[in-house]
Amino acid sequence: MKKSKASSSPRRKPSRRSSNNGRRPWFWRFMFRLCAIGLVLLAGWMVYLDAVVTSRFEGRRFEVPSRVYARPLELFDGASVSAGALERELSLSGFRKGDGRKSGSYQRTGNRFVISTRGFSFPDGDEPRRRISLIISGDRVQGFSVIEGDNAPIVRLEPAQIGGIYPAHKEDRVLVQLDEVPALLPTTLMAVEDRNFYDHFGIAPLSIGRAMLANIQAGRIVQGGSTLTQQLVKNFFLTREQTLVRKANEALMSVLLELHYEKDDILETYLNEVYLGQAGTRSIHGFGLASQFYFGESLKDLDVHQIALLVGMVKGPSYYNPRRHPERATERRNLVISEMEQAGLIEPGRASRARGLPLGVSERPSYSENRYPAYIDLVRRHLARDYKEEDLRSEGLRIFTTLNPAIQYAAEYAVTDTLPRLGGGQNAEALEATLVVTAKDSGEVLALVGGRDPQFAGFNRALDANRPIGSLIKPFIYLSALQEPERYTLTTPVLDKSFTLEFDDGKRWQPKNYDGEERGEVPLHKALSHSYNLPAVRVGLDIGVDRVQETLTAFGVDTPISRYPSMLLGSVSMSPVTVAQIYQGLATSGFNTPLRTIREVTDAGGEALSRYSLEVEQVADPAAVHLVQYAMQETMQEGTGRSAYYTVPEELSLAGKTGTTDDGRDSWFAGFSGDLLAVAWVGRDDNGPTSLTGASGALPVWSRFMAQVPQHGFSPVVPDGVSYHWVNSERQALTDEYCDNARLLPYIAGSEPTQTISCSGTLERRIRGWFEGLFQ
């Protein structure tokens with residue numbers, strides 16, 4: 001029974017002690033494993049963060065845009081520049097009106113200028129700072145002298161930055177090295193943002209604690225506890241979202257950053273990374289660019305109050321924007337100055353004076369985003385031949401262009417001032433225009449206007465509007481013919497009479513003159529200067545359409561050209577830039593000179609990468625081109641271009657050619673002086689008709705431009721093998737100088753007329769001619 005009782009007795013409950021002993025090992029094993037897994041994950045995450053931190057710091061830290069500069073203005077005795085143009089260029093280059101003593105300032109008294117240059121590192125050497133004095137008289141520099149700095153007969157001003165090629169995310173910065181930064185900037189930055197920067201290890205727990213306490217007491221965010229390292233990590237690697245995960249990552253990455261890199265390295269990166277404002281779509285990063293953007297000065301030239309303002313803006317660039325909120329900015333700046341004083345960085349007297357100064361911010365940024373969009377567009381296309389787009393956006397290249405700001409200003413004015421007065425009424429509002437200006441001898445593109453609104457960055461008509469060129473083709477038809485002097489001279493009679501061409505498919509083509517008249521036989525030079533259609537087509541058909549096509553190709557047309565006879569009346573389409581290219585060859589006596597917008601490209605450190613030198617190729621007989629130049633000068637004196645002299649001074653010798661297409665859809669003028677070549681086009685984007693011809697549309701734009709710019713007349717050198725003779729061009733015979741209808745014309749040797757006619761010149765006519773010659 002006992003045994004039975006014993007077997008039926010209830011099982012003894014395990015004691016509480018034994019129960020705890022059974023659970024604890026499981027719990028601790030679980031916690032241990034959990035911690036182990038957590039540590040493994042944390043270690044993995046740290047490895048990942050470490051890779052992120054080091055890869056960015058070891059590789060290229062910043063994408064720095066390429067900077068595009070205008071040509072530098074050279075000042076010396078006799079330099080050609082007006083007072084207005086000089087002042088505009090100084091403004092464009094970020095110079096400020098002042099006493100002419102501080103670097104980057106100038107003083108103007110009447111036509112006398114005192115300029116304190118900044119100095120600049122050009123590809124061919126450094127231009128040091130100087131203080132110069134000069135007087136502008138009659139669009140020329142006089143009394144030029146260097147009054148401070150190394151003496152020099154010629155001083156180059158810092159070129160204006162006319163644009164940039166920015167990273168895809170539109171960041172912009174000017175990189176600075178720590179040893180280039182004024183010592184007061186980093187010390188002020190640390191005094192305001194992170195007093196223990198050189199002592200902590202990326203994070204500062206005490207600062208965070210103080211900030212939390214201050215924020216709790218204020219009931220809002222009034223103080224931050226982030227170190228400069230944390231701020232850099234946030235801007236460099238993370239987003240601005242306020243989450244615990246991001247804050248944890250920020251702290252971990254800050255420690256890793258401090259683990260790998262020196263404090264000065266971190267500080268220098270911070271100075272170049274910090275966000276300090278916005279210029280349209282372009283964000284301003286770093287103190288180097290902010291100094292230029294707000295003050296138009298280099299960082300190394302900033303005064304105490306300017307440094308204080310930039311440091312104060314770190315807290316909120318938009319909120320303390322000095323251009324939009326000057327009162328807030330002043331209050332914040334003065335607070336920073338007080339911090340500088342308390343930290344012993346400046347003496348009380350200096351602090352007091354700094355607080356009393358105005359903000360000193362320039363009214364507008366020293367340069368805007370792509371001031372000349374059409375020109376920059378052409379620069380980019382030329383750069384695309386040699387550079388990848390990603391390199392242009394990130395390598396900080398310096399691109400020195402050929403743009404002449406004074407010429408560009410005159411070109412823009414000619415378009416915007418003339419266009420509204422053309423056509424009249426609503427038609428004028430629909431008109432568009434382009435103007436391309438090059439240096440006659442070098443092919444450098446000095447100015448380019450892509451439409452009636454030069455600031456518009458959209459459709460670039462100067463490059464992309466391919467339009468029929470009309471009579472602009474005629475000089476190339478006659479040039480093709482005149483290269484056969486045994487067949488054609490300037491006095492060769494050509495028939496101005498209608499005819500009909502019948503093609504194999506039965507279609508007929510009957511060209512006509514613009515005015516509908518026919519004049520019978522006319523000398524070739526008159527047919528060209530008066531732009532008669534029928535003689536041009538007859539000559540073109542006689543020498544062959546293919547021959548004209550070859551001439552155009554040799555002069556720079558790189559697109560297919562129609563072989564239909566209608567191309568002889570200019571049905572072939574070209575852009576204004578292409579027209580400028582082919583006329584460059586006419587202006588330079590048959591030497592094809594590729595148009596250039598770039599002189600040199602350097603890397604960010606000033607090391608030359610590419611030089612774009614002058615290239616020339618002889619593509620036509622200079623003697624034949626000289627004959628065409630003569631006829632183009634006749635065009636300006638007697639032909640379709642003569643109205644130019646209503647605007648341009650008569651003493652300025654010019655050569656040019658009009659062009660008009662059916663119904664005035666395209667109005668062209670291309671011509672040159674001794675210094676400049678310009679091509680103007682006027683028409684409508686919808687290819688609609690206008691009431692304009694080349695003479696009434698494009699020529700007024702062209703003339704308005706030419707009248708504004710100081711230049712020399714066109715006076716071609718007579719090439720070997722060309723001689724001038726007095727001739728009666730109507731009768732294709734040599735004659736005496738004082739005979740009626742006598743004209744001095746050039747001939748390729750051996751092609752001059754052999755027939756001589758004597759005029760009824762009397763002694764009285766000869767004596768009169770002799771006296772007239774004395775006074776010419």
Side-chain angles (χ1 to χ4, degrees), residues 464-484 487-488 494-515 524 527-586 590 592 619-620 624-625 628 631-632 635 640 656-670 679 681 683 687 689 693-694 698:
D464 297 324
N466 288 294
R467 308 294 293 251
I469 64 172
S471 295
L472 292 189
I473 199 173
K474 288 174 182 169
F476 299 93
I477 297 173
Y478 290 116
L479 173 63
S480 303
L482 290 168
Q483 292 189 90
E484 297 181 19
R487 298 179 62 196
Y488 284 98
V494 291
L495 195 57
D496 184 17
K497 186 176 180 181
S498 62
F499 63 98
T500 301
L501 278 181
E502 187 166 338
F503 299 96
D504 293 341
D505 59 2
K507 292 183 178 178
R508 297 161 63 88
W509 182 58
Q510 187 174 35
K512 295 180 180 178
N513 280 328
Y514 182 79
D515 58 9
L524 186 149
L528 175 53
S529 64
H530 288 72
S531 200
Y532 300 147
N533 287 345
L534 295 172
V537 175
R538 286 179 178 274
V539 171
L541 291 174
D542 183 45
I543 60 172
V545 173
D546 289 350
R547 183 71 180 277
V548 178
Q549 180 192 35
E550 291 169 3
T551 300
L552 289 170
T553 302
F555 274 71
V557 177
D558 57 2
T559 53
I561 301 172
S562 163
R563 294 188 178 185
Y564 288 105
S566 61
M567 69 88 78
L568 299 171
L569 289 182
S571 64
V572 56
S573 295
M574 297 182 197
S575 72
V577 166
T578 303
V579 171
Q581 176 65 74
I582 62 174
Y583 268 74
Q584 196 77 33
L586 291 180
N592 185 7
V619 295
V625 176
V628 172
M632 292 175 69
T635 300
T640 54
K657 184 70 192 75
T658 52
T660 311
T661 60
D662 291 345
D663 301 322
R665 297 175 194 276
D666 300 281
S667 168
W668 291 91
F669 194 85
V679 174
W681 168 86
N687 198 31
T693 64

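Values below: every heavy atom of this structure, side chains too, minus hydrogens, waters and symmetry copies.
From Asn466, atom CG reaches atom OG1 of Thr559 across 7.0 Å, with rounding to the nearest 0.5 Å. Considering OG of Ser571 and CG of Asp662, their distance stands at 9.5 Å, rounded to 0.5 Å. Taken to the nearest 0.5 Å, the CG atom of Leu552 stands 8.0 Å off from the CD atom of Gln549. Taken from NE2 in His530 to OG in Ser471, the straight-line distance is 13.5 Å, to the nearest 0.5 Å. Taking CH2 of Trp668 as the reference point, atom NZ of Lys657 lies at 13.0 Å (rounded to 0.5 Å). In this structure, OH on Tyr532 lies 8.0 Å from CG on Asn513, to the nearest 0.5 angstrom.
Remark: the backbone N or O of Ala698 is paired with a side-chain donor or acceptor of Ser667 at under 3.5 angstrom. Under a 3.5 Å cut-off, the side chain of Ser575 and the backbone N or O of Asp464 do not form any donor-acceptor pair. Asn533 places a side-chain N or O within donor-acceptor distance of the main-chain N or O of Lys512, the cut-off being under 3.5 Å. Listed for the Arg538 side chain is a donor-acceptor partner under 3.5 Å among the backbone atoms of Lys497. A donor-acceptor distance shorter than 3.5 angstrom exists from the side chain of Asp505 to the backbone of Lys507, with no hydrogens or angles considered.
The two residues Pro565 and Val545 make their nearest non-hydrogen contact at CA-CG2, 4.3 Å. Smallest separation of non-hydrogen atoms from Gly556 and Gln581: CA-CG, 4.1 Å. Taking each heavy atom of Ala580 and Val679 in turn, the nearest pair found is CA-CG2, 3.6 Å. Across Leu501 and Phe499, no two heavy atoms sit closer than the pair CG-CE1, 4.0 Å. Counting all heavy atoms, side chain and backbone alike, Ser562 lies closest to Met567 at O-CG, 3.5 Å. Of all heavy-atom pairs between Phe555 and Asn592, the closest is O-OD1, 3.7 Å.
Counting heavy atoms from C-beta on, the side chains of Tyr488 and Leu482 come closer than 4.5 Å. With a 4.5 Å cut-off on side-chain heavy atoms, Arg665 and Pro689 count as touching. Side-chain contact check for Val557 versus Phe476: every heavy-atom pair is 4.5 Å or farther apart. Side-chain contact between Thr640 and Tyr514: absent, with no pair of heavy atoms (C-beta onward) separated by less than 4.5 Å. At least one side-chain heavy atom of Ile582 sits under 4.5 Å from a side-chain heavy atom of Met574.
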For a side-chain hydrogen bond (donor to acceptor under 3.5 Å, both in side chains) check, start with the C-alpha distance between Thr661 and Asp666, then their side-chain angles and the critical distance, and finish with the verdict. CA-CA 5 Å; Thr661 60; Asp666 300 281; 2.9 Å; yes

Any chance you could lay out the side chain to side chain contact (heavy atoms under 4.5 Å, CB included) test for Trp681 and Leu472, step after step, and finish with the verdict? CA-CA 11 Å; Trp681 168 86; Leu472 292 189; over 6 Å; no

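By the ring pair (Phe, Tyr, Trp, His ring centres under 6.0 Å) test, Phe669 pairs with Trp702, sequence neighbours left out. Remark: Ser498 pairs with Glu518 by the side chain to side chain donor-acceptor pair (under 3.5 Å) rule, at least two apart or across chains.
For Arg487, the CZ atom is densely surrounded, since the number of other residues' heavy atoms within 6.0 Å is greater than 12.
Each of Val572, Ile477, Ile561, Val539 was scored for a side chain to side chain contact (heavy atoms under 4.5 Å, CB included) with Val548, with one residue passing: Ile477. Each of Leu528, Ile543, Ile473 was evaluated against Tyr478; a single residue qualifies, Leu528, per the side chain to side chain contact (heavy atoms under 4.5 Å, CB included) test.
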